[in-house]
Amino acid sequence: MSLTLSANTVVVLDFETTGLSPNQGDRAIEIGAVKLENGVIVDRFQKLMNPGFRVSSFIANYTGITNAMLAEADDCATVMHNFADFIQGCNLVAHNASFDQRFLDAELDVIQRDYDGTFACSLLVSRRLTQDAPSHKLGELVAYHQIDNDGVFHRALADAEVTASLWQVLLDTLQSDYSITNPDFSLMQKIAKMPKGSIDQFLKKQG
DNA sequence: TGCCAGGCCCTCTTTAGGGCCTT
């Protein structure tokens with residue numbers, strides 16, 4: 001891990017893609033991200049990218065991203081080079097991070113770039129900290145926590161922004177419910193891996 | 001020909017199956 005990795009800066013990111021699996025030939029079509037410094041958004045990144053083939057009608061309807069929009073976009077390599085620069089030195093957060101990590105790894109592998117941060121998953125943390133939530137879908141959690149939003153979902157920057165707000169809600173929960181002052185990224189990673197049954201006892205020891 | 005994601009998590013579990021999440 002890089003010595004320049006920032007302790008207080010994370011990038012919350014979200015991909016829109018042509019499908020669920022890069023192993024099955026799916027590609028990224030949009031990346032959106034916000035950079036958080038001590039919980040405050042200090043930078044944003046949003047780019048459509050042309051995967052080189054037409055997206056299905058399902059994806060066009062699901063995301064609102066059309067083939068006409070993608071025809072005018074830069075190719076994936078160009079966008080991902082810029083995004084690799086954007087995330088340099090930062091840890092990463094995503095909702096269901098294993099999905100976004102697979103696409104990030106696949107797209108950066110194509111252009112032979114790498115990143116120095118590690119991922120934390122807001123879905124896994126949410127399942128442990130707000131076990132009463134009826135669902136841990138991003139949209140459902142936005143409603144559950146009454147998170148401000150512009151009504152846009154399944155677009156990369158909009159989803160990254162509400163995920164960043166959710167991340168902050170989860171950090172605030174650690175402070176308010178467990179008296180954990182300044183919970184950090186590595187604690188969130190530990191929470192994500194902890195058995196649900198022992199999370200309460202673990203957090204009470206942290207406070 | 002027919003199949004086709006992958007990881008987490010629960011339970012009627014561990015020699016398994018299925019729902020939840022992401023697009």
Side-chain angles (χ1 to χ4, degrees), chain A residues 10-34 45-70 73 76 79-80 83 87 92-110 118-145 147 149 152-167 169-170 188-203:
Chain A
V10 297
V11 169
V12 184
L13 64 93
D14 182 70
F15 278 104
E16 304 305 317
T17 71
T18 64
L20 293 173
S21 174
N23 287 339
Q24 299 292 317
D26 289 317
R27 299 294 302 271
I29 56 174
E30 187 182 40
I31 178 66
V34 297
F45 189 103
Q46 185 275 322
K47 278 284 184 182
L48 291 169
M49 56 189 116
N50 189 336
F53 56 89
R54 293 178 65 81
V55 300
S56 68
S57 57
F58 172 82
I59 292 298
N61 289 329
Y62 187 79
T63 63
I65 299 169
T66 66
N67 284 295
M69 293 162 67
L70 294 174
C76 294
V79 173
M80 291 308 298
F83 190 63
I87 63 176
L92 306 168
V93 171
H95 199 66
N96 200 11
S98 64
F99 174 86
D100 293 279
Q101 182 171 7
R102 278 196 296 277
F103 277 94
L104 180 65
D105 290 351
E107 293 295 346
L108 291 185
D109 194 50
V110 170
T118 59
F119 270 90
C121 177
S122 56
L123 170 65
L124 295 180
V125 174
S126 174
R127 279 179 176 161
R128 286 158 179 78
L129 293 190
T130 53
Q131 298 187 24
D132 291 340
S135 160
H136 296 277
K137 286 182 184 176
L138 183 59
E140 301 277 344
L141 289 171
V142 166
Y144 180 78
H145 293 295
I147 289 171
N149 67 91
V152 176
F153 289 95
H154 308 305
R155 285 300 300 268
L157 182 58
D159 282 3
E161 291 198 347
V162 292
T163 301
S165 296
L166 171 63
W167 193 245
V169 166
L170 295 169
M188 299 295 261
Q189 288 180 313
K190 283 180 191 166
I191 291 170
K193 291 180 180 175
M194 187 140 303
K196 284 172 78 171
S198 54
I199 192 72
D200 203 58
Q201 189 177 13
F202 169 77
L203 289 176

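Both backbone and side-chain heavy atoms feed into the values below; hydrogens, waters and symmetry mates do not. None of the values given here were measured: they were computed from a predicted structure. Naming convention: chains lettered A, B, ... in sequence-line order (proteins, then strands); numbering from 1 in each chain.
The residue among A:Lys193 and A:Phe99 whose nearest nucleotide of DNA chain B lies closer to the 5′ end is A:Lys193.
Put simply, the side chain of A:Asp14 never gets that close to the backbone of A:Leu157: no donor and acceptor are under 3.5 Å apart. The closest donor-acceptor contact from the side chain of A:Glu16 to the backbone of A:Ile31 lies at 3.5 Å or more, if one exists at all. Proximity of a side-chain donor or acceptor of A:Asn61 to a complementary backbone N or O of A:Ser57 within less than 3.5 Å is detected.
Backbone-only engagement by A:Leu138 is indicated by non-hydrogen atom pairs under 4.0 Å involving sugar-phosphate atoms exclusively. No contact: A:Thr18 has no heavy atom under 4.0 Å from any strand. Across all strands, A:Phe58 comes closer than 4.0 Å to base atoms (heavy-atom distances). Residue A:Asp14 is in sugar-phosphate contact alone, with no base atom involved, counting any heavy-atom pair closer than 4.0 Å across all strands shown. Across all strands shown, A:Glu16 has heavy atoms under 4.0 Å from sugar-phosphate atoms exclusively, and none from any base.
The aromatic rings of A:Phe58 and A:Tyr62 lie parallel to each other, their planes meeting at an angle below 30°, with 60° marking the opposite boundary. Ring geometry for A:Phe15 versus A:Phe83: interplanar angle over 60°, hence perpendicular rather than tilted (30 to 60°).
When the P atom is compared between B:dC12 and B:dC8, the two are found 22 Å apart, to the nearest whole Å. Nucleotides B:dA16 and B:dT1 are separated by 31 Å at their P atoms, to the nearest Å. B:dG18 and B:dT13 have their P atoms separated by 13 Å, with the value rounded to a whole Å. Taking atom C1' in both B:dC9 and B:dT14, one finds a spacing of 14 Å when rounded to whole Å. B:dC21 sits 28 Å from B:dC3 when the P atoms are compared, rounded to a whole Å. Taking atom C1' on both B:dG2 and B:dT15, the two are 26 Å apart, rounded to the nearest angstrom.
Nucleotides of DNA chain B lying under 4.0 Å from heavy atoms of chain A occupy a range whose first and last members, 5' to 3', are B:dC4 to B:dT23.
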Can A:His154 and A:Thr63 be said to form a side chain to side chain donor-acceptor pair (under 3.5 Å), step by step? CA-CA 5 Å; A:His154 308 305; A:Thr63 63; over 6 Å; no
Steps toward side-chain contact (heavy atoms from CB on, under 4.5 Å) verdict (A:Phe99, A:Leu20): CA-CA 8 Å; A:Phe99 174 86; A:Leu20 293 173; 4.0 Å; yes
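A heavy atom lying under 4.0 Å from DNA chain B marks the following residues of residues 154-162 of chain A, by number: A:His154, A:Asp159.
Using modelled atom types, one finds no donor on one side chain facing an acceptor on the other under 3.5 Å when comparing A:Ser21 with A:Asp26.
Looking at A:Lys47 and A:Glu30, no side-chain N of the basic residue comes within less than 4.0 Å of a carboxylate O on the acidic one, giving no salt bridge.
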